[in-house]
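Right, one structure below, let's go through it.
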2 protein chains.
Amino acid sequence: MQITRTEEYALRGLVFLARQPPEKVTLVSEISKEQKIPEAFLAKIFQRLSKAGLLRSIRGANGGFSLGRPANRITMKEVMEALEGPIGLSRCLVREGECEEEAVCPLHPIWEELQHRFVEVLDGTTVEDLAKRMVRDGRRGRG
Amino acid sequence: MQITRTEEYALRGLVFLARQPPEKVTLVSEISKEQKIPEAFLAKIFQRLSKAGLLRSIRGANGGFSLGRPANRITMKEVMEALEGPIGLSRCLVREGECEEEAVCPLHPIWEELQHRFVEVLDGTTVEDLAKRMVRDGRRGRG
DNA sequence: GATTAAAAAGACCTAATTTGTCCTGTTTAT
DNA sequence: ATAAACAGGACAAATTAGGTCTTTTTAATC
Ligand code: SF4
Ligand code: SF4
């Protein structure tokens, strides 16, 4: 019942990119250093994000990563789903019919309600929102 | 990022008890059979719940469990915290100062917001609410 | 064309957590 | 005494999270 490192690292990496000049190509190694994230691990996370189109990778010399689309069109929900698959607060919410007792279970509607509230926030918050929040608060941090 | 079996089993067990005549003493074995929950596992869970006062256990022959207090005064939040400790959507929300970058992190306020919404529901939903929901919907299920 | 920097892909490993099982002890009604 | 029932500790299996390493592919540049 906790946000994973994978998710946190991914979001921090994306926010970092959102704060760079647009279209600038940035090295994984740079992000990992600034954000104190294990480089190989971040690289693997970025692979998944670029398969999902959230990042664009540029291979070869002078390569690196940039955002796959404007930061205001990447939601937290997309990021999480790209990494962990469809959000499901309980197994019965991942796919219909996963649990036979679903129609009879008093918990099911509660999980639905909770998940709905959850997704509402994730879907309404973009990487740009996160980046701006740092700026607005006068925060610089390491990215 | 998912409700655990432990939590689900606990809640289903409590709802089962809430639907019994008040003060009736019920065997773990009965609940486990009706609810299809591994008996030894449920017994363990019930131990923790009774240490937290959410259940009352009666030992010896003719023993068993009943609710530790009226079902309308047991919230989902209490159940979860009895089992998994303080709710913390991310490590920085479990205890202040867990992460050094907290003051600088754009994710932190989002997790706070999410967790707030989350806890709002958990805190506002009692075991009685869950049990009633089954009744209202004409659901019998196995509990 | 050879060299080299850089990312992709994915195999692999380790540690932690979750989900159980089992066995022994303790309490208590009969 | 004895059988029923919870208490608790130890342990085992399965799953997931977190992280490393190696090999392959690509692209720029000399
Ligand atoms: S028992 Fe209820 S909460 Fe658990 S998986 Fe089935 S429907 Fe979902
Ligand atoms: S980096 Fe941000 S989200 Fe992660 S633990 Fe620290 S404060 Fe919380």
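Just so we're on the same page: letters track the sequence lines, and every chain starts at 1. The analysis underlying the following values was restricted to heavy atoms, covering all of them including side chains, and did not include hydrogens, waters or symmetry mates. What you see is a predicted model; the values in this text were computed from it and never measured.
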Nearest-Å distance for atom pair [atom1]/[atom2], residues [X] and [N]:
{"X": "B:Arg5", "N": "D:dA14", "atom1": "CZ", "atom2": "C1'", "answer": "12 Å"}
{"X": "B:Ile45", "N": "D:dA7", "atom1": "CD1", "atom2": "C1'", "answer": "15 Å"}
{"X": "B:Gln2", "N": "D:dT15", "atom1": "CD", "atom2": "P", "answer": "14 Å"}
{"X": "B:Arg91", "N": "C:dA16", "atom1": "CZ", "atom2": "P", "answer": "16 Å"}
{"X": "A:Glu39", "N": "D:dC21", "atom1": "CD", "atom2": "P", "answer": "12 Å"}
{"X": "A:Glu84", "N": "D:dT15", "atom1": "CD", "atom2": "P", "answer": "18 Å"}
{"X": "B:Leu83", "N": "C:dT18", "atom1": "CG", "atom2": "C1'", "answer": "13 Å"}
{"X": "B:Arg56", "N": "C:dT27", "atom1": "CZ", "atom2": "P", "answer": "19 Å"}

### Task
State, to 0.1 Å, how close B:Glu7 and B:Leu83 come at their nearest heavy-atom pair, and which atoms those are.
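Shortest heavy-atom separation between B:Glu7 and B:Leu83 comes out as CA-CD1, 4.0 Å.
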
Is the distance from OP1 or OP2 of [N] to the nearest side-chain N or O of [X] less than 4.0 Å?
{"X": "A:Thr4", "N": "D:dT16", "result": "no"}
{"X": "B:Tyr9", "N": "C:dG20", "result": "yes"}
{"X": "A:Asn62", "N": "C:dA5", "result": "no"}
{"X": "A:Ser50", "N": "C:dA7", "result": "no"}

#### Entry: Which nucleotide in D:dC6, D:dT20, C:dT21 has an atom nearest any side-chain atom of B:Ser57
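Looking only at heavy atoms from C-beta outward on B:Ser57, the closest nucleotide is D:dC6.
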
### Task
Give the nucleotide from the list D:dT20, D:dG18, D:dA3 with an atom nearest to the side chain of A:Thr6.
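The answer is D:dG18.
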
Sugar-phosphate only, base, or nothing, as touched by [X] at under 4.0 Å among non-hydrogen atoms:
{"X": "B:Phe65", "result": "sugar-phosphate"}
{"X": "B:Gly63", "result": "sugar-phosphate"}
{"X": "B:Ser29", "result": "nothing"}

### Query
Taking the nucleotide of DNA chain D with the closest heavy atom to each, which residue, B:Phe46 or A:Pro38, is nearer the 5' end?
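Checking each residue's closest nucleotide, the 5'-ward one belongs to B:Phe46.
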
### Query
Does B:Ser50 use its side chain to pair, donor to acceptor, with the backbone of B:Gly53 at less than 3.5 Å?
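The answer is no, because no donor-acceptor pair under 3.5 Å joins these two groups.
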
### Flag, side chain of B:Gln115 to backbone of B:Leu89, donor-acceptor distance under 3.5 Å
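Such a contact is found between B:Gln115 side chain and B:Leu89 backbone.
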
### Query
Start at the 5' end of DNA chain C and walk down; is the nucleotide closest to A:Ile58 or to A:Met1 reached first?
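With A:Ile58 and A:Met1 compared, the 5'-side residue is A:Ile58.
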
Going by modelled atom types, is there a donor-acceptor pair between the base of [N] and the side chain of [X] at under 3.5 Å?
{"X": "B:Lys44", "N": "C:dG20", "answer": "no"}
{"X": "B:Arg59", "N": "C:dT28", "answer": "no"}
{"X": "A:Gln47", "N": "C:dA9", "answer": "yes"}

### Message
Other residues, nucleotides and ligands only: do more than 12 of their heavy atoms fall within 6.0 Å of NZ on B:Lys51?
### Response
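Open: at most 12 neighbouring heavy atoms sit under 6.0 Å from NZ of B:Lys51.
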
### Task
With the side chain counted from C-beta on, respond yes when A:Leu114 and B:Leu122 share a heavy-atom pair under 4.5 Å apart, and no when they do not.
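A side-chain contact under 4.5 Å exists here.
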
### Query
Is B:Met1 close to A:Ile87 at the side-chain level, that is, under 4.5 Å between some pair of heavy atoms?
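A side-chain contact is absent here, since even the closest heavy-atom pair is not under 4.5 Å.
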
